[in-house]
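Counting convention: from 1, in listed order, for ligands and their atoms alike.
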Amino acid sequence: MSRPLIFAANWKMNVAPAEARAFATRFLDGFRPGPGRSCWFFPSAVSVEAAAAAFGTHSWLAIGVQDVHWEPKGAFTGATSVALAAAAGATVALVGHSERRHVFGETEADTARKVGAALAGGLVPLLCVGETLAEREAGQTEAVVLRQLGAALAGLGPAALARVIVAYEPVWAIGTGKNATPADAARVHRAVRGALVAAGHPEPRVLYGGSVNQGNAAALLAEPELDGVLVGGASLDPAGWRSIVEGA
Ligand code: PEP
């Protein structure tokens, strides 16, 4: 059997509830996931419930939320708690996406609190880490990624750590059409996997994200260090996304 792969679709601030329903209808028509392949969808919070209902229950499927707040409830206008996301049908949460860090100013301490909240509330955190172009050009890629990882996972016990999945997403590759080469990505994935193993993670899974599309997914996933992909723009078209999930 081929190795397990996770194909995660980050729909960002796109796809209204009716569009999520239409996407699911088109995507599911004749869809046969390969053995060991999982497909995760991260709709906007307002479309999580519609997506969960439209996709239904499948062993290969998870619906996630793009961000969570660390507090369980209260006066946090615009934020989504873990419990609210779970009640809408989410079982997974993106945490520390580069747009949260660099557009919304989320700190490493915030990200750590969100990882803890997701785990405490029963959601699987998909923790995103990645360096900026300036950091890459300064030769700091591994240092930055490992610092982000350490900050986000500090204090987690072994059982909690075992549930964390990581996505390496170089900031300079997200939405830019530039992507790391399979060898570049593999080098960072090895460092991330090594740090996770050293911290006691029994079976780290590390996805790659950053301008993955129909033209480059197969080459990236031919690199055994990649346990899947996290995809923004190229996940918005049902036929194109399906060809990535089925084809790579
Ligand atoms: C992302 O949103 O995590 C992402 C990788 O976006 P894109 O595939 O559009 O670069």
Side-chain angles (χ1 to χ4, degrees), residues 5-15 19-20 23 27 38-48 51 62-68 80 90 92-106 111 114-115 118 123-133 135-136 141 144-145 148-149 152 164-182 184-186 188-189 192 205-221 223 225-245 247-248:
L5 291 173
I6 297 170
F7 294 82
N10 176 14
W11 284 349
K12 309 196 192 208
M13 201 167 69
N14 301 290
V15 189
E19 293 169 326
F23 187 111
F27 181 86
S38 306
C39 191
W40 296 1
F41 290 93
F42 292 89
S44 152
V46 299
S47 296
V48 166
I63 302 295
V65 66
Q66 295 174 12
D67 184 39
V68 286
T80 304
V92 192
L94 282 182
V95 181
H97 188 277
S98 90
E99 288 147 22
R100 299 304 315 172
R101 294 178 192 260
H102 296 287
V103 179
F104 294 98
E106 182 171 306
T111 300
K114 291 178 178 192
V115 169
L123 299 187
V124 170
L126 175 48
L127 170 67
C128 304
V129 294
E131 82 287 3
T132 63
L133 185 59
E135 290 164 339
R136 177 183 175 81
T141 296
V144 168
V145 165
Q148 292 174 340
L149 199 64
V164 175
I165 298 180
V166 174
Y168 168 53
E169 296 208 299
V171 178
W172 50 268
I174 298 178
T176 59
K178 298 180 187 142
N179 61 276
T181 64
D184 274 347
V188 182
H189 281 226
V192 169
R205 282 186 288 172
V206 187
L207 315 187
Y208 171 77
S211 295
V212 175
N213 58 38
Q214 286 181 69
N216 60 26
L220 283 159
L221 287 167
E223 169 50 64
E225 277 293 337
L226 274 62
D227 298 308
V229 285
L230 174 55
V231 181
S235 71
L236 290 171
D237 170 60
W241 177 234
R242 216 173 99 164
S243 82
I244 291 175
V245 177

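A distance-only check finds no donor-acceptor pair linking the side chain of N179 to the backbone of G210 [under 3.5 Å]. Judged by distance alone, with hydrogens and angles left aside, the side-chain atoms of E169 form no donor-acceptor pair with the main-chain N or O of G130 at under 3.5 Å. Looking only at distances, a side-chain donor or acceptor of R101 sits under 3.5 Å from a matching main-chain atom of C128.
Between F23 and W241, the ring centre distance reaches or exceeds 6.0 Å.
Proximity of A173 to ligand 1, defined as any heavy-atom pair under 4.0 Å, is confined to the backbone N, CA, C and O atoms. By the criterion of a heavy-atom distance under 4.0 Å, both the backbone and the side chain of I174 are placed next to ligand 1.
The nearest heavy-atom contact from the protein to atom 7 (P) of ligand 1 is G232 N, 3.5 Å. Protein heavy atom closest to atom 5 (C) of ligand 1, with residue, atom name and distance, is E169 OE2, 3.0 Å.
Per-residue contacts place V231 under 4.0 angstrom from the following atoms of ligand 1 (heavy atoms of the residue considered): 8 (O). Of all atoms in ligand 1, listed by their number and element, those nearer than 4.0 Å to a heavy atom of G175 are 7 (P), 9 (O), 10 (O). Atoms of ligand 1 lying under 4.0 Å from at least one heavy atom of G233, given by number and element, are 7 (P), 8 (O), 9 (O). Listed by number with element, the atoms of ligand 1 under 4.0 Å from a non-hydrogen atom of H97 are 1 (C), 2 (O), 3 (O).
Just one residue in the list L226, I6, V166 forms a side chain to side chain contact (heavy atoms under 4.5 Å, CB included) with R205, and that residue is I6.
Minimum interatomic distance between L126 and V92 (heavy atoms only, all atoms of both residues): CB-CG1, 4.5 Å.
Rounding to the nearest 0.5 Å places CD of E106 at 11.0 Å from NE2 of H97.
Using a 4.0 angstrom heavy-atom cutoff, G210 counts as in contact with ligand 1.
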